[in-house]
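A short worksheet on the structure shown next.
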Amino acid sequence: MATLLPRRTRERLAVDAGLLVVAAAFAVPLIWLVLASVDPKASLRVALPGSPSLDNFDKVLTDEITFTPMANSLMLCGGATLLTVGCAALAAYPLSRYRSRFTRPYLLTVLFTTCLPVTAVMVPVYGLFVQVNLIDTMYGTGLFLAASQLPFAVWLMKNFMDGVPEILEEAAWTDGASRFQSLTRVVLPLMGPGIAVVAIYSFVIMWGNFFVPFMLLLSPDQLPASVSIFTFFGSYGSVVYGQLAAFSVLYSTPVLVLYVLIARRLGGGFTLGGAVKG
């Protein structure tokens, strides 16, 4: 009779099998995306294209379909991300450096606001934007996107800022620096990986946001790529899968490029141990 595998080995094999199933659930859609983008007769099936070509990319690489919506997305999400990171740094600094009995309740309130679904506030926001003439404006939509991401960004920024020793700021104050100067010249440069995390998280969430720009932007020439993707969904359930896949590959490129550019910065981590010695 064959000997049974040890219990530890069985558990490890079960865990590995579960991880493989999860990995497949993520990998299969990505594989379909790549294959369908070069398949002129793409469907929902994951299959190698009979005659691979770049026709799908040629059809979507136009000003109306790709270039203008992508430019709108970059301007909208990039500006909102800069605003979010700047405001989060200014809000996190007093929460990190000043001790108060109201700090924890305030942080919990901020965290609670991240749990509110955006659909719950869009009706009053839409009415407010109409009243103050911000409807169908890029800067108005960017302000709301930044405000919607700010609570969680403050939480992240505050946690990273806690890792910067206060003694470094005290040394700067001794040399005559103000609070703002110590923040911009000492704290923020030392927490570069944290700022990168907040920026990537905010940008990725805004980049994939469909509902907010769909509600607040009315002009077709101002719609970002997350909304213009509806171009590939026809009536009666017909979908141009090949062009949709090609557009999706192009749509994912800015996020991947952003991550690659600052991946080394993220991997560097905080190296503050030697700064407080001596």
Side-chain angles (χ1 to χ4, degrees), residues 26 29-30 33 60 64-89 91 110-130 132-157 195-233 239 243-262 266:
F26 283 93
L30 296 178
L33 194 67
V60 301
E64 182 181 0
I65 297 177
T66 298
F67 294 122
T68 298
M70 292 284 281
N72 292 338
S73 292
L74 289 172
M75 181 170 59
L76 182 65
C77 300
T81 298
L82 292 177
L83 183 60
T84 299
V85 172
C87 292
V110 170
L111 183 62
F112 172 76
T113 60
T114 64
C115 302
L116 295 175
V118 67
T119 53
V121 297
M122 279 310 299
V123 172
V125 166
Y126 185 89
L128 175 64
F129 271 46
V130 171
V132 298
N133 294 323
L134 287 178
I135 198 72
D136 198 27
T137 60
M138 294 287 287
Y139 63 90
T141 306
L143 285 175
F144 182 74
L145 286 174
S148 64
Q149 295 303 318
L150 188 58
F152 195 71
V154 171
W155 259 83
L156 287 177
M157 192 75 73
I195 296 176
V197 169
V198 175
I200 288 181
Y201 174 82
S202 301
F203 184 84
V204 169
I205 296 299
M206 295 176 191
W207 187 260
N209 193 305
F210 164 81
F211 190 68
V212 171
F214 178 75
M215 291 293 296
L216 299 182
L217 293 175
L218 308 178
S219 302
D221 58 339
Q222 294 192 94
L223 295 179
S226 59
V227 179
S228 66
I229 198 171
F230 261 122
T231 306
F232 306 103
F233 292 85
V239 181
Q243 296 180 26
L244 175 61
F247 181 83
S248 299
V249 171
L250 297 173
Y251 179 60
S252 304
T253 301
V255 176
L256 296 176
V257 171
L258 176 64
Y259 178 78
V260 170
L261 289 177
I262 63 178
L266 286 173

Q: Report the residues that fulfil side-chain contact (heavy atoms from CB on, under 4.5 Å) with Val249, sequence neighbours left out, ordered by chain and then residue number.
A: Leu33, Ser37, Phe57
(Q) Tell me the closest heavy-atom pair linking Pro254 and Leu250, and the distance in Å. (A) CD-O, 3.3 Å
Q: Name all residues meeting the ring pair (Phe, Tyr, Trp, His ring centres under 6.0 Å) criterion together with Trp207; count only those two or more places apart in sequence or in a different chain, and write none if there are none.
A: Phe203, Tyr251
Q) Quick one: CE on Met206 to OG1 on Thr84, what's the gap to the nearest 0.5 Å? A) 3.5 Å
Q: Flag yes if more than 12 heavy atoms outside Phe67 fall under 6.0 Å of its CZ atom; otherwise flag no.
A: yes
(Q) As a quick check of understanding, evaluate side chain to side chain contact (heavy atoms under 4.5 Å, CB included) for Val85 and Met157, giving each step before the final call. (A) CA-CA 8 Å; Val85 172; Met157 192 75 73; 4.1 Å; yes
Cut-off 3.5 Å, no hydrogens considered: what does the side-chain donor-acceptor table look like for residues 209-219, sequence neighbours left out?
from   : atom 1 : to     : atom 2 : distance (Å)
Asn209 : OD1    : Phe211 : N      : 3.3
Asn209 : OD1    : Val212 : N      : 3.0
Ser219 : OG     : Asp136 : OD1    : 3.4
Ser219 : OG     : Asp136 : OD2    : 2.7

Can you give the donor-acceptor pairs under 3.5 Å from side chains of residues 142-155 to other protein atoms, not counting sequence neighbours?
from   : atom 1 : to     : atom 2 : distance (Å)
Ser148 : OG     : Phe144 : O      : 3.3
Ser148 : OG     : Leu145 : O      : 2.7
Trp155 : NE1    : Leu107 : O      : 2.8

Q) Considering residues at least two apart in sequence or located in another chain, which fulfil the ring pair (Phe, Tyr, Trp, His ring centres under 6.0 Å) criterion with Tyr139? A) none
Q. Shortest non-hydrogen contact from Thr81 to Ser202?
A. OG1-C, 4.2 Å
**Q.** Straight-line distance of Leu256 CG to Leu258 CG, nearest 0.5 Å
**A.** 9.5 Å
Check: residues 69-78 side-chain donor-acceptor pairs under 3.5 Å, at least two apart:
from  : atom 1 : to     : atom 2 : distance (Å)
Asn72 : ND2    : Thr68  : O      : 3.3
Asn72 : ND2    : Asp221 : O      : 3.0
Asn72 : ND2    : Leu223 : O      : 3.1
Ser73 : OG     : Pro69  : O      : 3.1
Ser73 : OG     : Ala225 : N      : 2.7

Q: Supply the atom-to-atom distance Phe247 CZ to Ile65 CD1, rounded to the nearest 0.5 angstrom.
A: 8.5 Å
Q | Contact check, side chains of Ser228 and Thr66, non-hydrogen atoms, under 4.5 Å | A | no
